[in-house]
Amino acid sequence: MELHPRMLGVDVKQLTNCRFGLLAWELLVVAFFLAGWERNGFSLAHLVCATLQTIYLAKFYWWETGYFNTLDIILDRAGYYICWGCLVFVPSLYTYASFFLVAHPPLVSTTAAIFFFILGLCAIIGNYRIDWEKEYFRAMDGKCDLWGRPATYIEAEYTSASGPKRSKLLTSGCWGVARHLNYTFELLLALSWCLPGLGYGFWPFLYVIFLTVLLVHRVFRDEDKCRDKYGASWDKYCREVPYRMIPWVF
Ligand SMILES: NC(=O)C1=CN([C@@H]2O[C@H](COP(=O)(O)OP(=O)(O)OC[C@H]3O[C@@H](n4cnc5c(N)ncnc54)[C@H](OP(=O)(O)O)[C@@H]3O)[C@@H](O)[C@H]2O)C=CC1
Ligand SMILES: CC(C)CCC[C@@H](C)[C@H]1CC[C@H]2C3=CC=C4C[C@@H](O)CC[C@]4(C)[C@H]3CC[C@]12C
């Protein structure tokens, strides 16, 4: 299985992940919202669930070039996990919170729905800000301010196919709080669009439970990759920023 296969000039991973998987996700979320409206009448909570996912997906397309630096593209081969995952898993499991609300009209109050929306918006902004800080820091080669102070970092060396290279590991701003704070906000966001199903037990929360397992596993995969790449500099970064996702907890 290749890392960057192309068919008829088309990048297979971009086709399955960005074009098919995420577009199907958006279309299904809108379809489930309309189906719920037709079946049970208008529901603000179902609208909140659909709107948060729509904003999240719009944010993905805004940032799409950044996705090409992630594990999915640089490490994972175009096989079962990524391609089958995006063709089958994303349209079914990632949309499950919206699907569930079609046959189970939300029980939560209007105030609660508004609260979930605000929570979700804060989580999207937080997640975007964290990803942005890293991109900005890298684009400025470390010569920038974060949170009103010059960014601090660890110099790291690694060997690529074209010889030795240097990189920088950010230790201030959000990346100084925890090593994967973006995943924490991703989970908070997933929780906020599952919460409209509150009162129906376990099933409305299926996506956020799955995502917790996926992201904790991804923390370890990403850190193995970084330790292999940066060696002692990565260990130094882990000593300076000791928590993975939640300060003082994990
Ligand atoms: N809903 C979902 O299913 C999922 C969503 N996501 C989201 O996708 C986005 C991207 O996530 P993902 O690609 O997994 O991971 P990250 O954006 O966290 O990128 C990790 C990489 O960033 C670099 N890096 C790590 N620490 C530092 C640092 N301190 N300073 C500078 N560079 C650093 C390393 O790469 P390098 O080799 O370049 O140094 C590392 O491999 C996130 O918003 C995440 O929440 C992610 C996974 C699943
Ligand atoms: C086969 C299954 C057990 C696992 C399938 C996993 C994949 C479908 C997902 C693995 C990583 C996921 C993603 C990573 C980063 C993303 C950026 C974000 O902004 C939008 C979502 C996504 C593209 C996300 C999509 C599903 C995965 C590829």
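Atoms within each ligand, like the ligands themselves, are counted from 1 in listed order.
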Electrostatic pair K168-D141, nearest N-O below 4.0 angstrom = yes
key: Backbone or side-chain N or O of Y230 under 3.5 Å from ligand 1 N or O   = yes
ask   = What about the rings of F60 and Y67, do their centers lie closer together than 6.0 Å?
value = yes
query = Tell me: protein heavy atom nearest atom 38 (O) of ligand 1, and distance?
reply = R138 NH1, 2.8 Å
query = Under 6.0 Å between ring centres, would you say that holds for F210 and F89?
reply = yes
query = Using 4.0 Å as the upper bound for N to carboxylate O, is an ion pair formed by E157 and K165?
reply = no
inquiry  = Please find the pair of heavy atoms, one from S172 and one from T152, that lie closest to each other, and give the distance.
reply    = OG-N, 3.0 Å
query = Looking only at side chains, do E186 and Y56 share a donor and an acceptor under 3.5 Å apart?
reply = yes
remark   = the protein heavy atom lying closest to atom 3 (O) of ligand 1 turns out to be Y94 OH, 2.8 Å
ask   = Among Y56, W84, Y94, Y81, which one has a heavy atom closest to atom 9 (C) of ligand 2?
value = Y94
Atoms in ligand 1 flagged as close to N127, the criterion being non-hydrogen separation under 4.0 Å = 43 (O), 45 (O)
message = Starting from atom 14 (C) of ligand 2, what is the nearest protein heavy atom, named by residue and atom, and what distance separates them?
response = D72 OD2, 3.0 Å
Numbered atoms and elements of ligand 2 in range of R218, under 4.0 angstrom, heavy atoms = 11 (C)
task = Output the list of atoms in ligand 1 that are nearer than 4.0 Å to some heavy atom of Y207, sorted by atom number.
result = 1 (N)
task = Describe, in one word, how the ring planes of Y96 and F100 are oriented to each other, choosing from parallel (under 30°), tilted (30 to 60°) and perpendicular (over 60°).
result = tilted
request  = May I ask you to check whether over 12 heavy atoms, not counting those of W37, lie within 6.0 Å of atom CH2?
outcome  = no
query = Hey, looking at atom 3 (C) of ligand 2, which of W63, F60, Y128, F89 has the closest heavy atom?
reply = F89
Sub-4.0 Å atoms of ligand 1 with respect to non-hydrogen atoms of N182 = 16 (P), 17 (O), 18 (O), 42 (C), 45 (O)
For C174 against W147, the heavy-atom pair lying closest together = N-CZ2, 3.5 Å
task = For C86 and F20, work out which heavy atoms get closest and say how close.
result = O-CD2, 4.3 Å
ask   = Any idea which of Y67, F60, W63 brings a heavy atom closest to atom 8 (O) of ligand 1?
value = W63
query = Measuring from the heavy atoms of F68, does anything fall under 4.0 Å of ligand 1?
reply = no
task = Would you mind listing which atoms of ligand 2 come within a distance below 4.0 Å of any non-hydrogen atom of V90?
result = 8 (C), 26 (C)
request  = Note the single closest protein heavy atom to atom 1 (N) of ligand 1, along with its residue, its atom name and the distance in Å.
outcome  = E186 OE2, 2.9 Å
query = Can you list the atoms of ligand 2 that are under 4.0 Å from a heavy atom of C86?
reply = 8 (C), 28 (C)
message = Please determine whether a side-chain nitrogen of the Lys or Arg among D11 and R19 lies less than 4.0 Å from a carboxylate oxygen of the Asp or Glu.
response = no
Aromatic ring proximity Y128/W132, centre distance under 6.0 Å = no
key: Min N/O separation F137 to ligand 1 under 3.5 Å   = no
query = For S167, is the nearest heavy atom under 4.0 Å from an atom of ligand 1?
reply = no
ask   = Taking only residues two or more places apart in sequence or in another chain, which ones pass salt bridge (charged side-chain N to carboxylate O under 4.0 Å, His left out) with R221?
value = D76
task = Among all protein heavy atoms, pick out the one at the shortest distance from atom 28 (C) of ligand 1; state its residue, atom name and that distance to 0.1 Å.
result = L170 N, 3.6 Å
Nearest neighbour in protein (non-hydrogen) for atom 2 (C) of ligand 1 = L211 CD1, 3.6 Å
ask   = With a 4.0 Å cut-off on heavy atoms, is I130 touching ligand 1?
value = no
Selection from K134, K229, R218, K168 by shortest heavy-atom distance to atom 46 (C) of ligand 1 = R218
request  = Just jot down the ligand 2 atoms closer than 4.0 angstrom to any heavy atom of Y67, in number order.
outcome  = 15 (C), 16 (C), 23 (C)
request  = Name the closest protein heavy atom to atom 43 (O) of ligand 1, giving the residue it belongs to and the distance to 0.1 Å.
outcome  = D131 OD2, 2.5 Å
query = What do you reckon, does Y153 put a non-hydrogen atom under 4.0 Å from ligand 1?
reply = no
ask   = Which of the numbered atoms in ligand 1 are below 4.0 angstrom from a heavy atom of K225?
value = 34 (C), 35 (O), 36 (P), 37 (O), 40 (C), 41 (O)
request  = For G85, take its heavy atoms, then give the atoms of ligand 2 lying under 4.0 Å from any of them.
outcome  = 5 (C), 8 (C)
ask   = Looking at I124 and K59, what are the two nearest heavy atoms and their distance?
value = CG2-CD, 4.1 Å
query = If you measure from atom 13 (O) of ligand 1 to every heavy atom of T70, L75, I73, which option wins on shortest distance?
reply = T70
remark   = Closest to atom 11 (O) of ligand 1 among protein heavy atoms sits Y183 CE2, 3.8 Å
Atom CH2 of W63 with >12 non-hydrogen neighbours under 6.0 angstrom = yes
ask   = For residues 150-173, which residue pairs qualify under ring-ring contact (aromatic ring centres under 6.0 Å, His included), counting only residues two or more places apart or in two chains?
value = F137-Y153, Y158-Y230
